[in-house]
Visitor: 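I'd like to ask you about the structure that follows.
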Amino acid sequence: MAAIYRAAYRRAALFYRSHSTYVRKMRYLNKLKEDDSLCRQAQTSGTFYIFHNLSPFLQKVGKKYSILQLSAAEMKRILEKFKETEQWIEKSVLIGCSDEHVPHFALDLGALERSVIEVELKGSFTDLRKAFFVVDEKDSSLLASAQGLLRWHDSHQYCSKTGQPTQKNVAGSKRVCHASGITYYPQMSPVVIILVSDSSRCLLARQASFPQGMYTALSGFCDIGEAVEEAARREVAEEVGLEVESLWYSASQHWPFPSSCLMIACHALVRRQQLEISMNSLELEEARWFGLEEIMEGLKREPKSAKQDNGSYLPWFPPKQAIAHKLIDEWVKQQTSQPPQVL
Ligand SMILES: NC(=O)c1ccc[n+]([C@@H]2O[C@H](COP(=O)([O-])OP(=O)(O)OC[C@H]3O[C@@H](n4cnc5c(N)ncnc54)[C@H](O)[C@@H]3O)[C@@H](O)[C@H]2O)c1
Ligand SMILES: [Mg+2]
């Protein structure tokens, strides 16, 4: 028996020595997703981020907003206040873990009285459209993915083939319809976002629904069967009537509005021979070229200071939490650090 334990100990020690903190963490999370009883046990020692009808709970200290992590014991105390049983904990979804393998869960308390929780925990459930932009950047991506997963569960309670209820696994990484045997997995919609440039200017556009004065890069949902490159070329052609000459990938981001998009951000150069914009006015209100100076001024401008005395608005661009901001920033860096490219 002792030999078996020694061998197991040696294997564990080897695993710890030969894998980084990151690898161990990812392996642990993967195990929690696959193993219901391990995950149920993890819920008793994990921390909880709470939501109310998809709005995350925020606390304000001075001018700073932060998200609250409840311990399992605090979570239990809140639920007991409502005479709700711990069964509620089963509704939570796994959203990550610390380097020390403390698992993090998100739980939507939408069925409970909102104001009672707010008074008890000294904070407020805040619409994600505000919360996303006022918390620290790492917290905004955590809120976005937690809300995305909770939203997906909320809207996939029934099997689309049989109409029967689906059941989530403990971690919330899938739902199963036991009548049909179909397994459903959380989904995101791929969206391309493209910053078009003619090498000395870049093209930004606005939709009529945008806040006044805000311009951003072109974007669009990928069609089924399309590669990212094809979607990017099609969107540029559809929205502004230009043909992309070359395209390169920059970065990606999970974007929670209106619901779970995977933003795939690219830079594109268009043919110098055809720089005339032919805007699709069903989708866009305005699309135009911006020079470097105007972009640099727009990046410094706050939405609040964009309104002029005559009622018109000076251009401003999405905040740093949006991947469009990164694309615009990168374009400025290209312009200021490299000689202009000749097509
Ligand atoms: N994070 C950022 O920096 C950033 C910047 C720009 C746009 N976006 C996001 O990109 C998304 C798409 O941008 P867009 O409005 O230009 O797209 P778009 O040009 O494809 O037009 C939207 C239209 O596409 C159709 N559509 C096709 N597939 C869809 C799907 N899976 N979900 C919803 N609608 C679908 C609908 O008719 C919708 O009205 C938006 O959700 C927007 O919030 C994010
Ligand atoms: Mg679009």
Side-chain angles (χ1 to χ4, degrees), residues 54 127-135 137-145 147-148 151-152 154-156 160 184-197 202-242 244 247 249-268 270 277-288 290 295 298-299 303 315-332:
L54 302 177
D127 193 292
L128 190 68
R129 287 203 176 263
K130 176 182 176 191
F132 188 79
F133 297 102
V134 295
V135 298
E137 227 165 302
K138 74 168 178 20
D139 288 342
S140 60
S141 65
L142 185 139
L143 289 183
S145 45
Q147 198 229 37
R151 183 192 291 277
W152 181 81
D154 189 46
S155 53
H156 288 78
S160 55
Y184 293 91
Y185 294 97
Q187 287 170 339
M188 295 189 280
S189 304
V191 174
V192 284
I193 172 161
I194 319 109
L195 185 60
V196 170
S197 170
C202 70
L203 196 162
L204 299 178
R206 45 175 286 108
Q207 296 177 8
S209 59
F210 286 2
Q212 303 261 37
M214 193 191 89
Y215 288 78
T216 188
L218 302 176
S219 58
F221 289 92
C222 295
D223 283 345
I224 288 236
E226 239 178 5
V228 168
E229 297 83 341
E230 291 168 327
R233 286 173 200 277
R234 175 184 54 74
E235 281 294 331
V236 174
E238 268 178 25
E239 297 195 346
V240 293
L242 296 176
V244 167
L247 187 75
Y249 171 78
S250 164
S252 66
Q253 168 190 44
H254 172 244
W255 185 246
F257 313 115
S259 73
S260 287
C261 296
L262 175 63
M263 303 299 304
I264 305 154
C266 303
H267 290 275
V270 290
I277 294 171
S278 147
M279 190 186 78
N280 177 344
S281 50
L282 289 176
E283 295 199 28
L284 299 175
E285 183 183 70
E286 199 188 338
R288 68 176 179 87
F290 286 72
I295 291 285
L299 280 173
W316 57 277
F317 310 131
K320 62 180 186 321
Q321 292 87 345
I323 202 157
H325 186 99
K326 179 177 163 61
L327 281 176
I328 298 171
D329 244 6
E330 282 174 350
W331 182 81
V332 168

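Each ligand, and each atom within it, is numbered from 1 in the order the structure gives.
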Visitor: Is a salt bridge present between Arg206 and Glu285, judged by a nitrogen-to-oxygen distance below 4.0 Å?
Guide: yes
Visitor: Please say whether the positively charged group of Arg288, taken as NZ for Lys or CZ for Arg, lies over the ring of Phe290, i.e. under 6.0 angstrom from the six-membered ring centre and within 45 degrees of the axis.
Guide: yes
Visitor: Do the side chains of Met279 and Leu284 get nearer than 4.5 Å, heavy atoms only?
Guide: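 Yes, side chains in contact.
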Visitor: Hey, does Lys326 have a side-chain heavy atom less than 4.5 Å from the side chain of Gln253?
Guide: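 Contact flag for Gln253/Lys326 side chains = no.
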Visitor: Atom CG in Leu247, atom CZ in Arg233: separation rounded to 0.5 Å?
Guide: 6.0 Å
Visitor: Under a 3.5 Å threshold, I'd like every N/O contact between ligand 1 and protein atoms, with atom names and distance.
Guide:
residue: ligand 1; atom: 1 (N); partner: Gln253; partner atom: OE1; Å: 3.3
residue: ligand 1; atom: 3 (O); partner: Ile323; partner atom: N; Å: 3.3
residue: ligand 1; atom: 3 (O); partner: Ala324; partner atom: N; Å: 3.0
residue: ligand 1; atom: 13 (O); partner: Ser219; partner atom: OG; Å: 3.1
residue: ligand 1; atom: 15 (O); partner: Gln207; partner atom: NE2; Å: 3.4
residue: ligand 1; atom: 16 (O); partner: Gln207; partner atom: NE2; Å: 3.3
residue: ligand 1; atom: 16 (O); partner: Ser219; partner atom: O; Å: 2.9
residue: ligand 1; atom: 16 (O); partner: Ser219; partner atom: OG; Å: 2.8
residue: ligand 1; atom: 19 (O); partner: Ser219; partner atom: O; Å: 3.1
residue: ligand 1; atom: 19 (O); partner: Glu239; partner atom: OE2; Å: 2.8
residue: ligand 1; atom: 19 (O); partner: Glu283; partner atom: OE1; Å: 3.3
residue: ligand 1; atom: 20 (O); partner: Phe221; partner atom: N; Å: 3.0
residue: ligand 1; atom: 41 (O); partner: Phe257; partner atom: O; Å: 3.0
residue: ligand 1; atom: 43 (O); partner: Trp255; partner atom: NE1; Å: 3.1
residue: ligand 1; atom: 43 (O); partner: Phe257; partner atom: O; Å: 3.3

Visitor: Is there a side-chain contact between Val196 and Val240 in this structure, where contact means two heavy atoms from C-beta onward sitting under 4.5 Å apart?
Guide: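 They are not in contact (no side-chain heavy atoms under 4.5 Å apart), so the answer is no.
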Visitor: With respect to the Mg ion (ligand 2), please indicate if Glu235 possesses an N, O or S atom at a distance under 2.8 Å.
Guide: no
Visitor: Decide, counting backbone as well as side-chain atoms, whether Gln207 has an N, O or S atom less than 2.8 Å from the Mg ion (ligand 2).
Guide: no
Visitor: Going by the angle between their ring planes, with limits at 30° and 60°, are Phe257 and Trp255 parallel, tilted or perpendicular?
Guide: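 Perpendicular: the ring planes of Phe257 and Trp255 meet at over 60°.
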Visitor: With the Mg ion (ligand 2) as the point of reference, which N/O/S atom of Glu239 is the closest?
Guide: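 Per the distance ranking, Glu239 contributes OE2 as its closest N/O/S atom to the Mg ion (ligand 2).
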